[in-house]
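Just below is one structure, and these are the notes that go with it.
The figures here come from the full heavy-atom set of this structure, side chains too, leaving out hydrogens, waters and symmetry mates.
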Amino acid sequence: MDGKRDRGRGESDAGGVGAWRTWPSREALTRVGVPRGRMVLDYTMIAGLSAWVLTGCYTSGAFDGGYAVVPPLGFGLCVAAALAFHHTTLDHRAAASLGLLGAMALCGLGGYAVGAATAATVMWIVVCVMAMQRLPLPLGLATVAVLVPGFVEADETGVFGAAVTTAAVLLAGYSLRLDAEARGAGFQLLAQERLAREAEAASAALAERARIAREIHDVLAHSLSAQMVHLEVARLKIEAGADRGEILRLVTSARSMAREGLAETRHALSALRGDMAPVEDYLRELAREDRAEVAVTGRRRDLPAEASQAVRRVAQEALTNVRKHAPGARTRIRFAYGTHEVSLEIRDSGPPGEDGGTGAAEGLGSSGSGYGLLGMRERAELLGGSLEAGPEGSGFTVRLQVPA
């Protein structure tokens, strides 16, 4: 319960009174992110300091005879207290942490009482540095203040020596604290960046799934809906006893649409795999069946998959509309590479007839060409582009522009 209260108090202070009254971050309180060389150096310094303290205890003459076992026992107690202090500070347990530091300080006091002043001073310095580094600053400063009289008493130069020792302790402890906080902040930024990359990857995966669904939907909706219409008409004509040749024509047309739909599905899958043919080659192949004119301008370059697919789907839908609403019309396809975009224009001359086909073009424009043009416009807008479609002269024109 104490740990939870202290942790909550630290979090509250972080958002209110100020960071100086809070605990260091968990990353700062652990050794995460510390280079291996730095850890080896730290452990070497701790081992050397420990050996120096133990040697000082024996050379002081305070632990001769039967008291020779006291320094190792006291040192072991201090090591156990230091390890426990590491865990209590991770849990932000202030009372337990101060109690463990107090036990270490009492070991130093015992050494000073029997004449090991150097060992006692070193122990008190370690306690002060640990408090400044791992406790909230008010508690760390209070710990140092409590041990200042000990520095005054143990130092031969009195107040001046104690002041120098206190200043060195404060500087060393606070420097270690700042270093740990900087390392912890860097680790937190690294973790946040990793989470951001994971979120970005997940978002990209969802966007790719949506694009795949859109591509497959466009292909299947375009192909299957036309097949359904032809097959339904064929069924009705069979029930009405229509001519066999007329029924065969409808079935053959549906079969042709199924073949085209399968080919378009292959094109879509190739695009998703990134091994599709260049856009201009696809346009020429698409236009060959309708004997349309194709002109390509600008410097050829690889296009993003989404922009390339938008051009292909718009060209396919526009030529299908020409075959449906203006059979026999002359069609011109213009594709241009721009600096930061590509543009496509498909213009037909209108169906041949006495009125030049104006009426058919106006009917197509007024109807919006059904779902096809709406789907093309939505596809262009999703990419940040635009699509214009409507009557122009005696025919109908579709213009697409998308960033690429």
Side-chain angles (χ1 to χ4, degrees), residues 212-270 282-294 309 312-333 346-379 387 389-398:
I212 293 173
R214 188 166 59 250
E215 296 297 338
I216 300 302
H217 172 270
D218 288 351
V219 171
L220 295 181
H222 175 82
S223 174
L224 294 179
S225 60
Q227 293 176 55
M228 287 294 297
V229 171
H230 280 68
L231 292 175
E232 180 65 16
V233 173
R235 183 186 68 82
L236 293 175
K237 287 187 175 295
I238 291 174
E239 293 177 352
D243 179 68
R244 181 176 180 274
E246 186 177 357
I247 296 172
L248 180 61
R249 180 181 61 80
L250 290 170
V251 174
T252 302
S253 179
R255 178 177 178 272
S256 176
M257 291 178 182
R259 190 190 310 110
E260 291 176 1
L262 181 59
E264 288 301 322
T265 302
R266 291 196 184 103
H267 279 299
L269 293 176
S270 296
Y282 175 82
L283 293 176
R284 293 188 180 99
E285 180 183 349
L286 191 65
R288 189 176 298 118
E289 181 181 349
D290 298 277
R291 299 180 181 179
E293 301 176 11
V294 179
Q309 279 297 92
R312 295 164 192 262
R313 295 282 79 79
V314 168
Q316 178 193 24
E317 182 67 26
L319 291 178
T320 299
N321 285 339
V322 172
R323 290 194 295 268
K324 185 188 304 181
H325 299 280
R330 296 189 308 275
T331 306
R332 291 183 299 172
I333 301 175
I346 300 179
R347 177 184 299 179
D348 67 79
S349 61
E354 295 181 359
D355 61 352
T358 304
E362 290 177 350
L364 177 58
S366 63
S367 67
S369 187
Y371 179 77
L373 287 181
L374 177 61
M376 289 192 291
R377 184 170 290 109
E378 290 176 349
R379 176 185 287 273
L387 184 138
E392 189 168 303
S394 60
F396 196 85
T397 301
V398 176

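Considering OG1 of Thr331 and CZ of Arg291, their distance stands at 12.5 Å, rounded to 0.5 Å. Taking CD of Glu232 as the reference point, atom CG of Leu250 lies at 11.5 Å (rounded to 0.5 Å). Separation of atoms CG (Leu231) and CZ (Arg255) is listed at 13.0 Å; rounding is to 0.5 Å.
Under the side chain to side chain donor-acceptor pair (under 3.5 Å) test applied with Thr320, the options Glu317, Lys324, Arg323 reduce to a single match, Arg323. Tested against Leu319 for a side-chain contact (heavy atoms from CB on, under 4.5 Å), the candidates Ile333, Val398, Leu283 yield a single pass: Ile333.
A 4.5 Å side-chain heavy-atom check between Glu239 and Leu236 finds at least one atom pair inside the cut-off. In this structure the side chain of Arg312 never reaches within 4.5 angstrom of the side chain of Gln316, judged on heavy atoms.
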### Message
Using the rule given for side-chain hydrogen bond (donor to acceptor under 3.5 Å, both in side chains), can you reason through Thr252 versus Arg249, listing the C-alpha separation, both sets of side-chain angles and the distance that settles it, and then say yes or no?
### Response
CA-CA 5 Å; Thr252 302; Arg249 180 181 61 80; over 6 Å; no
### Task
Let me see the working for Asp348 and Asn321 under side-chain contact (heavy atoms from CB on, under 4.5 Å), right down to the final yes or no.
CA-CA 10 Å; Asp348 67 79; Asn321 285 339; over 6 Å; no
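Scanning all heavy atoms of the two residues, the minimum distance from Val251 to Ala234 falls at CG2-CB, 4.3 Å. The shortest non-hydrogen separation linking Ala326 to Gly350 is CB-C, 4.0 Å. The minimum heavy-atom distance between Ser394 and Ser349, with the atom names listed, is OG-O, 3.0 Å.
Taking 4.0 Å as the cut-off between side-chain N and carboxylate O, Glu285 and Arg288 do not count as a salt-bridged pair.
Within a 6.0 Å radius of CZ in Arg235, other residues, nucleotides and ligands contribute more than 12 heavy atoms.
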